[in-house]
Amino acid sequence: MDDQFFHARNANAIDNTQATKLGNIPEHIAIIMDGNGRWAKQKGLPRVAGHREGMKVINKIVAKASEVGVRYLTLYAFSTENWKRPKSEVEFLMKLPDRFLSKELPKLKKNNVQVRTMGEKSLLPAHTQKAVQKAVRETADNTGVVLNLALNYGSRHELVYAMKEIGKDIEKGKLAAKDIDEKLIASNLLCSDLPEPDLLIRTSGEQRLSNFMLWQLAYSEFWFTEVLWPDFTEHDLLQAIQTFQQRKRRYGGV
Ligand code: FPP
C-alpha cells in the first residue's frame, strides 16, 4: 500500500474543534463516492444494496460539511459512462435521487441546504428529473451549504458542450478565436458560478478522476481513502479536511 497517497483510518478521533481550529476549511469539496458494489459483495448482497447504503451516507456528510463551514459539496452520483451498467442497476440508481429527496427534502429545507444538479438532465427518466427539479426549486432561496448532485455528468461531455457554445458565438460573429481564454471556457462550464473544488475525495482505494470535473480540479488537493463509500463517516470527512489544511497549495508557484 502506498502510504503517500492512501490514508489509513486515523484511530484518534478528530472533532470539529480540531478540524476548524486550523481555519482554512475547504470552501468546495467534491466527492467521488466509490465502492458501493464492493461493499455489497463483501457482505454477500446484490450491488444495489451498496448503492442504497451509499445513499444513506449522504445526509450525514452534508450535515457535517455544513457544520464545519464547507460552502459547496459536489457529489458524483451518476456519470455519463454509468449507462453501461446492467439495466437493472441503472434503473435502481435512477430511483435513488427520488427516494433520497422524498425522504430527506424536508430536512434539507429545514437545514437551509440548497440543492443543485450538474449534468445532462434530459436523458434522465422523467421521475428522476421531476424529483430533482422539485428539490432545486424548493431550496433555491436557501443560503446554507450547496449540495450539488452530479447526475449524468461527464467532464468531457461538459467540455464539448462548452466548446460548441463558444463555437456558436464565433459563427454569429459575436466572438473571435482570439477571444477564447480560460475565463471564457470556465464561464461556459456547468455550474460556472461555483468556485473550483479545493479538495477532491475519492473513496474505495481507486486513484483516478473517471471523467469528473477535469477542468475544475486542475489545482485541487486530492485525498484518497480505502474506505468504501457506504462505510464513509463524518470522521473520515474531518480527516480529509485536516489533511487538506496541512497541504501547501502553490498553484504552480513556489
Ligand atoms: C460507485 O460505486 C458509485 C456509483 C456509481 C453511484 C453512487 C451513488 C450513490 C452513492 C447514491 C446516490 C444518491 C443520490 C441521492 C443521488 P461502484 O458501484 O462503482 O462500486 P464498485 O467500484 O465497488 O463496484
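We count ligands from 1, going down the list as the structure has it; atoms in each ligand are counted the same way.
- When each of Ile201, Leu209, Thr243 is checked for a side chain to side chain contact (heavy atoms under 4.5 Å, CB included) with Phe222, only Leu209 meets the rule.
- In this structure Asn211 satisfies the side chain to side chain contact (heavy atoms under 4.5 Å, CB included) test together with Tyr76, Thr80, Glu81, Ser155, Arg156, Leu214, sequence neighbours excluded.
- Between Pro97 and ligand 1, not a single N/O pair is under 3.5 Å apart.
- By heavy-atom distance, the residue among Asp34, Val57, Leu101, Leu149 lying nearest atom 17 (P) of ligand 1 is Asp34.
- Within a 6.0 Å sphere centred on NZ of Lys60, other residues, nucleotides and ligands contribute more than 12 heavy atoms.
- Here is the list of ligand 1 atoms found below 4.0 Å of a heavy atom in Leu93: 6 (C).
- More than 12 non-hydrogen atoms from other residues, nucleotides or ligands lie less than 6.0 angstrom from CG of Asp193.
- Using a cutoff of 4.0 Å between basic side-chain nitrogens and carboxylate oxygens, Glu206 and Arg38 are scored as salt-bridged.
- With no hydrogens or angles considered, a side-chain donor-acceptor pair links Lys121 and Thr117 at under 3.5 Å.
- Ranking protein heavy atoms by distance to atom 19 (O) of ligand 1, first place goes to Arg85 NH2, 2.7 Å.
- Here the heavy atom of the protein found nearest to atom 11 (C) of ligand 1 is Leu96 CD1, 3.7 Å.
- Each of the atoms 15 (C) of ligand 1 lies under 4.0 Å from some heavy atom of Phe100.
- Of the heavy atoms in Asn82, only side-chain atoms (C-beta onward) come closer than 4.0 Å to ligand 1.
- Atom numbering of ligand 1 starts at 1 in the shown order; those under 4.0 Å from a heavy atom of Gly37 are 17 (P), 18 (O), 20 (O), 21 (P), 23 (O), 24 (O).
- Which parts of ligand 1 touch Trp229 is read off a 4.0 Å heavy-atom cut-off, strictly below it: atoms 10 (C).
- In this structure, atom 10 (C) of ligand 1 lies nearest to the protein heavy atom Asn36 ND2, 3.4 Å.
- In Gln42, neither the side chain nor the backbone holds a heavy atom less than 4.0 Å from any atom of ligand 1.
- The nearest heavy-atom contact from the protein to atom 22 (O) of ligand 1 is Arg38 NH2, 2.9 Å.
- In the model, Asp236 has a side-chain atom that pairs as donor or acceptor with a side-chain atom of Thr233 under 3.5 Å.
- Side-chain contact check for Tyr72 and Glu27: no donor-acceptor pair (N or O, by modelled atom type) lies under 3.5 Å.
- Note on Lys134 versus Glu138: salt bridge recorded, some NZ/NE/NH1/NH2 to OD/OE distance being below 4.0 Å.
- Counting heavy atoms under 4.0 Å from ligand 1, residue Arg47 touches it through the side chain alone.
- Here is the list of ligand 1 atoms found below 4.0 Å of a heavy atom in Ile58: 13 (C), 14 (C), 15 (C).
- Closest to atom 6 (C) of ligand 1 by heavy atom, among Gly35, Ala77, Gly205, Pro230, is Ala77.
- From the protein, the heavy atom lying nearest to atom 1 (C) of ligand 1 is Met33 O, 3.3 Å.
- Both the sub-6.0 Å distance and the 45° axial angle are satisfied by Lys43 relative to the ring of Trp39.
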